[in-house]
2 protein chains.
Amino acid sequence: MHARPALTGPVEDYLKAIYELESRFGAAATSDVAHALDVAPASVTGMVRRLATQGYLDHVPYRGVQLTPCGRQAALRTIRRHRILESYLTGVLGYPWDRVHDEAERLEHAASDDLIERMAAALGHPTADPHGAPIPTADGLIEEQPHRTLAELPVGETARMLRVSDKNPSLLRYLAEIALQPGAEVTMVARAPFDGPITLRIGNSEPVVGPNLAAQVLVAAMPSSGLRSADASGSLPSTAASKPKSRKPTAR
Amino acid sequence: MHARPALTGPVEDYLKAIYELESRFGAAATSDVAHALDVAPASVTGMVRRLATQGYLDHVPYRGVQLTPCGRQAALRTIRRHRILESYLTGVLGYPWDRVHDEAERLEHAASDDLIERMAAALGHPTADPHGAPIPTADGLIEEQPHRTLAELPVGETARMLRVSDKNPSLLRYLAEIALQPGAEVTMVARAPFDGPITLRIGNSEPVVGPNLAAQVLVAAMPSSGLRSADASGSLPSTAASKPKSRKPTAR
DNA sequence: CTCAAAAGTTAGGTAGGCCTAAGTTTAAGG
DNA sequence: CCTTAAACTTAGGCCTACCTAACTTTTGAG
Ligand SMILES: [Mn+2]
Ligand SMILES: [Mn+2]
Ligand SMILES: [Mn+2]
Ligand SMILES: [Mn+2]
């Protein structure tokens with residue numbers, strides 16, 4: 001609540017990684033954090049203990065870790081900076097979307113709030129980053145859209161592409177090549193059986209992609225009939241993720 | 001020459017500070033570096049020993065420190081980034097010139113070369129930062145202009161304002177108020193004796209300033225007669241500063 | 001020339017952030 | 001249940017980058 005000491009870069013990255021794991025699985029496992037940050041599990045245990053004593057997270061040894069409200073706020077602040085930076089780099093400086101993540105990963109720890117807000121203003125206060133991830137507001141509210149994966153899209157249906165992970169540059173380059181980017185309308189033309197190739201229609205072209213790729217692309221939950229532009233603003237924002245898919249670490 | 005390991009932020013700041021002290025005094029004294037970086041002298045001794053063993057500088061104990069070619073190259077790279085960042089922040093994002101230094105001081109360690117060059121390109125490859133400091137080229141050449149201080153300007157003469165330190169925000173705010181910024185034509189109208197107040201003409205106004213302020217403002221060495229715009233490009237660049245004013249540390 | 005202050009260095013310590021190796025706990029299969 | 005592999009933590013180090021306190025070298029005033 002009060003003026004906490006400024007966080008270091010590594011600490012911001014830990015909180016961010018834990019936030020993302022927590023919203024996917026309900027809690028973050030030591031080894032998942034280690035994998036996300038590319039450090040040894042022992043390093044995570046050590047850092048987690050420190051951050052727990054400092055009030056940023058709750059740690060039940062051997063059971064995983066969860067953010068406190070204070071830790072969640074810090075995580076969302078870093079995520080906001082990251083995503084605004086990515087948006088600015090692509091939108092203003094002409095970066096390709098497969099190269100903004102690494103740059104933002106460093107700048108997010110160095111840019112002042114003032115700079116971030118100036119960038120956001122220059123972009124007209126965007127609500128999603130170039131990969132379709134929602135940008136939390138300055139006071140820590142984030143609005144997740146309901147979605148399914150492209151792999152789940154029934155044959156014949158059309159959906160609006162929503163989002164893809166920003167962490168795989170070569171995947172991003174390929175998606176750009178076939179024009180599969182957030183906002184694009186994509187139709188499931190055919191799906192070969194036994195996890196076979198998937199034929200899509202995007203604009204005038206009909207790229208054929210693997211099921212593995214399709215599973216990584218998120219599309220809007222509701223079928224998109226024609227050119228209805230769903231107004232993103234105005235709906236009530238929620239503080240965290242929608243419904244975590246349960247997995248290993250259940251904390252408590 | 002080969003791929004040296006990436007430097008840390010603190011190391012980049014040490015090399016930059018040493019570069020600046022060296023170009024002013026011929027060599028950098030431990031206590032001056034300590035003062036510039038706001039660390040204890042003992043910390044400087046330690047860092048300097050490490051950087052000397054790593055080949056970035058030569059250290060003669062008790063006599064000061066000097067950059068090796070390799071250290072100078074690293075320093076100029078950081079200075080280039082710093083100054084391009086300052087230029088971008090004022091030129092594109094509307095930062096006032098008194099607040100860019102702190103921001104650039106952090107971003108200079110996080111921005112990639114690609115980002116820096118994109119910013120430079122967006123600005124049309126500027127040759128000076130908002131405070132008038134020359135921007136080294138990507139291959140480490142820097143071109144200092146001949147200058148004198150505004151305090152030295154003879155009464156009746158007009159000169160083009162060249163440069164001022166970026167480290168004193170309140171001075172910068174005041175200079176902006178009286179329109180004394182790089183490129184401005186300034187005339188020495190009158191100087192009261194015994195270090196008394198100095199009357200200037202800048203445009204239509206005649207601000208009266210102290211000799212202390214005037215000593216901090218650099219103007220072009222040659223009198224500017226009217227509106228001749230001196231072409232900065234085309235002259236031969238030199239690797240380092242012109243002629244260091246000798247002072248305490250003489251190294252060797 | 002002397003000698004004390006200033007400048008610089010050395011010694012010893014802290015904290016952050018990482019590592020490997022060696023335990024400990026948990027979960028899961030048989 | 002028992003056993004064992006996987007997940008996790010603990011122990012013990014290392015490196016960077018800082019600090020203070022104590023010592024050494026240089027300098028310059030008298
Ligand atoms: Mn990203
Ligand atoms: Mn990061
Ligand atoms: Mn500056
Ligand atoms: Mn800096």
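Throughout, protein chains are lettered first and strands after them, A, B, ... in sequence-line order, and every chain is numbered starting at 1.
Side chain of B/S87 to main chain of B/R83: a donor-acceptor pair is present (N/O by atom type, distance under 3.5 Å, no hydrogens or angles).
Rounded to an integer number of Å, the gap from B/L51 CG to D/dT16 C1' is 11 Å. One interatomic measurement links the two molecules: CD of B/Q54 to P of D/dC15, which rounds to 12 Å at whole-angstrom precision. Atom NE2 of A/H35 is separated from atom C1' of D/dA7 by 15 Å (rounded to the nearest Å). For the pair A/E12 CD and C/dG17 P, the computed distance is 11 Å after rounding to whole Å. Rounded to a whole Å, the CZ atom of A/R50 is 16 Å from the P atom of C/dT14.
At the heavy-atom level, A/T30 lies under 4.0 Å from the strands shown only through sugar-phosphate atoms. Within the nucleic acid shown, B/V44 has no heavy atom closer than 4.0 Å to any nucleic acid atom. B/H59 comes within 4.0 angstrom of sugar-phosphate atoms only, judged by non-hydrogen atoms across all strands, and of no base.
The cationic group of B/R118 lies under 6.0 Å from the six-membered ring centre of A/Y95 and within 45° of the ring axis, placing it in a cation-pi geometry.
Contact check, B/S43 against D/dC19: a side-chain N or O comes under 4.0 Å of OP1 or OP2. The side chain of A/S31 places an N or O atom within less than 4.0 Å of a non-bridging phosphate oxygen (OP1 or OP2) of D/dC8. Proximity of A/R49 to the phosphate of D/dT10: a side-chain N or O atom is located under 4.0 Å from OP1 or OP2. Within the 4.0 Å cut-off from OP1 or OP2 of C/dG16, not a single side-chain nitrogen or oxygen of A/Y14 is found.
Looking only at side-chain heavy atoms (C-beta outward), B/R81 and B/L107 stay at 4.5 Å or farther from each other. Residues A/V48 and A/Y56 form no side-chain contact, since every pair of their non-hydrogen atoms from C-beta on lies 4.5 Å or further apart.
The distance between the ring centers of A/H101 and A/H131 does not fall below 6.0 angstrom.
The nucleotide whose nearest atom lies closest to any side-chain atom of A/A42 is, among C/dG17, D/dA17, C/dT20, C/dT20. Residue A/P41 places its side chain closer to D/dT9 than to any other of C/dG17, D/dT9, C/dT10.
Residue-to-nucleotide proximity on DNA chain C shows that, of A/Y62 and A/A40, the 5′-proximal contact is made by A/A40.
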